[in-house]
J.: 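I am attaching a structure below and will ask some questions about it afterwards.
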2 protein chains.
Amino acid sequence: MVTEENKSIEKRENILNVAEILFAQQGFEAVSIRELAKVADINIAMISYYFGSKEKLYEEIVLRKLTSTEKMKSIIEQHNTYTDKLFAISDLYADVFIENRNFHNIIFREMAMEQRTMMNAVITENLYKNFTLLSDIIRKGIKAGEFKKNIDIELVATTVIAVNKLFSTSPIVICKILNVDESEFTYGEKHKKRLKKYLHNLLTSYLAIP
Amino acid sequence: MVTEENKSIEKRENILNVAEILFAQQGFEAVSIRELAKVADINIAMISYYFGSKEKLYEEIVLRKLTSTEKMKSIIEQHNTYTDKLFAISDLYADVFIENRNFHNIIFREMAMEQRTMMNAVITENLYKNFTLLSDIIRKGIKAGEFKKNIDIELVATTVIAVNKLFSTSPIVICKILNVDESEFTYGEKHKKRLKKYLHNLLTSYLAIP
DNA sequence: GTCTATATATGGATAGAC
DNA sequence: GTCTATCCATATATAGAC
């Protein structure tokens, strides 16, 4: 049933989605609410009406999609060995970063800011929690005798995030590096599979006991 | 000898340096020439006088420090084995990214833009050239029997860049991950050494023939 | 909920005096 | 080279009609 309320929510959602893309592509300050209103096909006044201000709209975009730690936890529980758990989380990062690459573009731009804001603190806290789940798997894998002992736990966990991140948020350069045409390269399954497979191999060779 | 001309060049340099920091911290659009003039302790009109416009000032900041391929080439030539060549380039990335982290913050933000501009093209071309030097070392190392055959050359080269990049441009999160106090963590030698050593080990375990 | 019209602020840039 | 004063474009935000 399409109620009036649903219509209203849909419009709100539409503004959020369009704004997410524009903010990701150009940055917060570079996008005017006039341009946003044009692209989203709404009146300028609607942004204040729905969100109060451009700033509050931005906050909502950032906060609404932060990957929940719960999702990660449930995926970890679905696997038995620490190797499988690690692979699953690495794959999840690839999926989440690539599928929501506009969003993560915004997140990583925010992380690169040196001034500490409320949002910055929330983002850092969220990323840290997810990071902890990753490093805990490695730590436990070492204790269980599945992984080598003399490894840099923090930096190998950082590597998973860093590689997935660069791959998903710098499309032009990545296309050039992989020798793929940009029009063809929509981060399709083929390239995602390659990325996942590579990370599995990289992690295995660094962590696994020969 | 301090001539009038030198003084003028110094002032120009000062504006470039201050602007680089501000643009890195806040993004191009978020920095007003009024704020820039205040921090650099110059008059607003001086920006137009020296650079023509805010846009041209930005272009000069981006273009002036792009890592020359020549420097990389000379470093590569100084080493004999492909392993040593690879380590040297990996170390160079760590040094260059960390020492010029404000600059690289700007570069990577520009890379994340999906709209293609003149500057974007120059940056991509530069990064691609440096990337090619890196992947060539790996390719030749395989031919020479120093590295394994079944590896993903492009993605391992990307990894070197990705890890060094995240490490240098997201200080707040990295501090939290490494459990280091931010005031203490000025990307000192200690953490740089750790990063370099980790990448050596990671590359060795992925590439070296057991 | 949606629009127009407008208040108000701030941005980049420069003319012209010194 | 340096400054003040100012022009002009564009930004956000909202009051008030519908």
Side-chain angles (χ1 to χ4, degrees), chain A residues 1-62 106 109-110 113 115 117-119, chain B residues 1-62 106 109-110 113 115 117-119:
Chain A
M1 195 180 68
V2 181
T3 62
E4 285 303 312
E5 203 192 331
N6 281 344
K7 267 191 199 169
S8 179
I9 291 171
E10 266 176 42
K11 280 197 179 169
R12 233 185 97 95
E13 275 294 310
N14 179 247
I15 297 172
L16 284 165
N17 293 334
V18 171
E20 185 183 283
I21 295 169
L22 293 178
F23 288 151
Q25 287 174 345
Q26 305 176 44
F28 177 72
E29 284 84 6
V31 179
S32 68
I33 55 170
R34 278 163 222 282
E35 183 187 357
L36 170 55
K38 211 174 183 180
V39 179
D41 197 31
I42 48 144
N43 189 280
I44 321 172
M46 288 296 96
I47 290 157
S48 289
Y49 178 75
Y50 280 120
F51 303 97
S53 70
K54 186 188 172 188
E55 188 84 34
K56 281 181 190 163
L57 163 64
Y58 186 64
E59 278 176 24
E60 190 163 332
I61 288 170
V62 170
I106 294 172
R109 200 174 287 151
E110 213 55 45
M113 300 281 180
Q115 304 152 316
T117 62
M118 178 275 288
M119 253 195 332
Chain B
M1 197 180 70
V2 181
T3 62
E4 284 304 311
E5 202 191 331
N6 281 344
K7 266 191 198 169
S8 178
I9 291 171
E10 265 177 42
K11 279 196 179 170
R12 232 185 98 95
E13 275 295 309
N14 179 246
I15 297 173
L16 284 165
N17 293 333
V18 171
E20 185 184 283
I21 295 169
L22 292 178
F23 288 151
Q25 287 174 345
Q26 306 176 43
F28 176 72
E29 284 83 6
V31 179
S32 68
I33 55 167
R34 284 177 169 82
E35 183 188 358
L36 169 55
K38 211 173 184 180
V39 179
D41 196 30
I42 48 144
N43 189 281
I44 320 170
M46 289 296 97
I47 290 158
S48 290
Y49 178 75
Y50 280 120
F51 304 98
S53 70
K54 185 190 173 189
E55 187 83 35
K56 282 181 189 163
L57 164 64
Y58 186 64
E59 278 177 24
E60 191 163 330
I61 288 170
V62 170
I106 294 173
R109 199 175 288 150
E110 212 56 43
M113 299 283 179
Q115 304 153 316
T117 62
M118 177 275 289
M119 252 193 335

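In the text below, chain A, chain B and the rest are named by the order of the sequence lines, each starting its count at 1.
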J.: Let me know the distance between CD1 of B/I47 and P of C/dT14, rounded to the nearest Å.
T.: 12 Å
J.: If I take atom NZ in residue B/K38 and atom C1' in nucleotide C/dG11, what distance separates them, rounded to the nearest angstrom?
T.: 15 Å
J.: Parallel, tilted or perpendicular: which describes the rings of A/F23 and A/Y58, with under 30° parallel and over 60° perpendicular?
T.: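 Perpendicular.
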J.: Checking A/E59 now: which residues fulfil side-chain contact (heavy atoms from CB on, under 4.5 Å) with it, not counting sequence neighbours?
T.: A/E55, A/M118, A/M119
J.: Between atom CD1 of B/I9 and atom CD of B/E13, what is the distance when rounded to the nearest 0.5 Å?
T.: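 Answer for the CD1-CD pair, B/I9 versus B/E13, is 8.5 Å.
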J.: Within residues 27-37 of chain B, which residues have any heavy atom lying less than 4.0 Å from an atom of DNA chain C?
T.: B/V31, B/S32, B/I33, B/R34
J.: Rounded to whole Å, please give me the gap between CG in A/N14 and C1' in C/dG1.
T.: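 Those two atoms, CG and C1', are 16 Å apart.
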J.: Over the length of the helix from C/dG1-D/dC18 to C/dC18-D/dG1, how much do the five-pair end axes diverge, rounded to 10 degrees?
T.: 0°
J.: C/dG12 P sits how many Å from B/L57 CG, rounded?
T.: 11 Å
J.: Measuring from B/L57:CG to B/I33:CD1, what's the distance to the nearest 0.5 Å?
T.: 10.0 Å
J.: Between the protein and nucleotides 2-4 of chain C, list the N/O to N/O atom pairs that are separated by less than 3.5 angstrom.
T.:
| unit_1 | atom_1 | unit_2 | atom_2 | d |
| --- | --- | --- | --- | --- |
| C/dT2 | OP1 | A/K11 | NZ | 2.3 |
| C/dT2 | OP2 | A/Y50 | OH | 3.4 |

J.: Calculate the interatomic distance between A/E55 atom CD and D/dA11 atom C1'; express it in whole Å.
T.: 14 Å
J.: Any salt bridge (charged side-chain N to carboxylate O under 4.0 Å, His left out) pairs touching residues 45-54 of chain B, not counting sequence neighbours?
T.: none
J.: What pairs of residues pass the salt bridge (charged side-chain N to carboxylate O under 4.0 Å, His left out) test when at least one of them lies in residues 18-28 of chain A, not counting sequence neighbours?
T.: A/E20-A/R64, A/E20-A/K65
J.: Residues in ring pair (Phe, Tyr, Trp, His ring centres under 6.0 Å) with A/F51, at least two apart?
T.: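 Applying ring pair (Phe, Tyr, Trp, His ring centres under 6.0 Å) to A/F51 gives none.
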J.: With sequence neighbours left out, write down each residue that passes side-chain contact (heavy atoms from CB on, under 4.5 Å) with B/L22, or none if nothing qualifies.
T.: B/V18, B/Q25, B/Q26, B/V31, B/E35, B/L36, B/V39
J.: Mind checking what makes side-chain contact (heavy atoms from CB on, under 4.5 Å) contact with A/Y50, not counting sequence neighbours?
T.: A/S8, A/K11, A/R12, A/I15, A/M46
J.: Starting at CG of B/L22 and ending at P of C/dG11, how long is that distance when rounded to a whole Å?
T.: 13 Å
J.: Donor-acceptor pair, A/R109 side chain versus A/A24 backbone, under 3.5 Å?
T.: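 Yes, A/R109 side chain to A/A24 backbone: donor-acceptor pair under 3.5 Å.
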J.: Looking at A/N43 and A/A37, what are the two nearest heavy atoms and their distance?
T.: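 Here A/N43 and A/A37 meet closest at C-CB, 4.1 Å.
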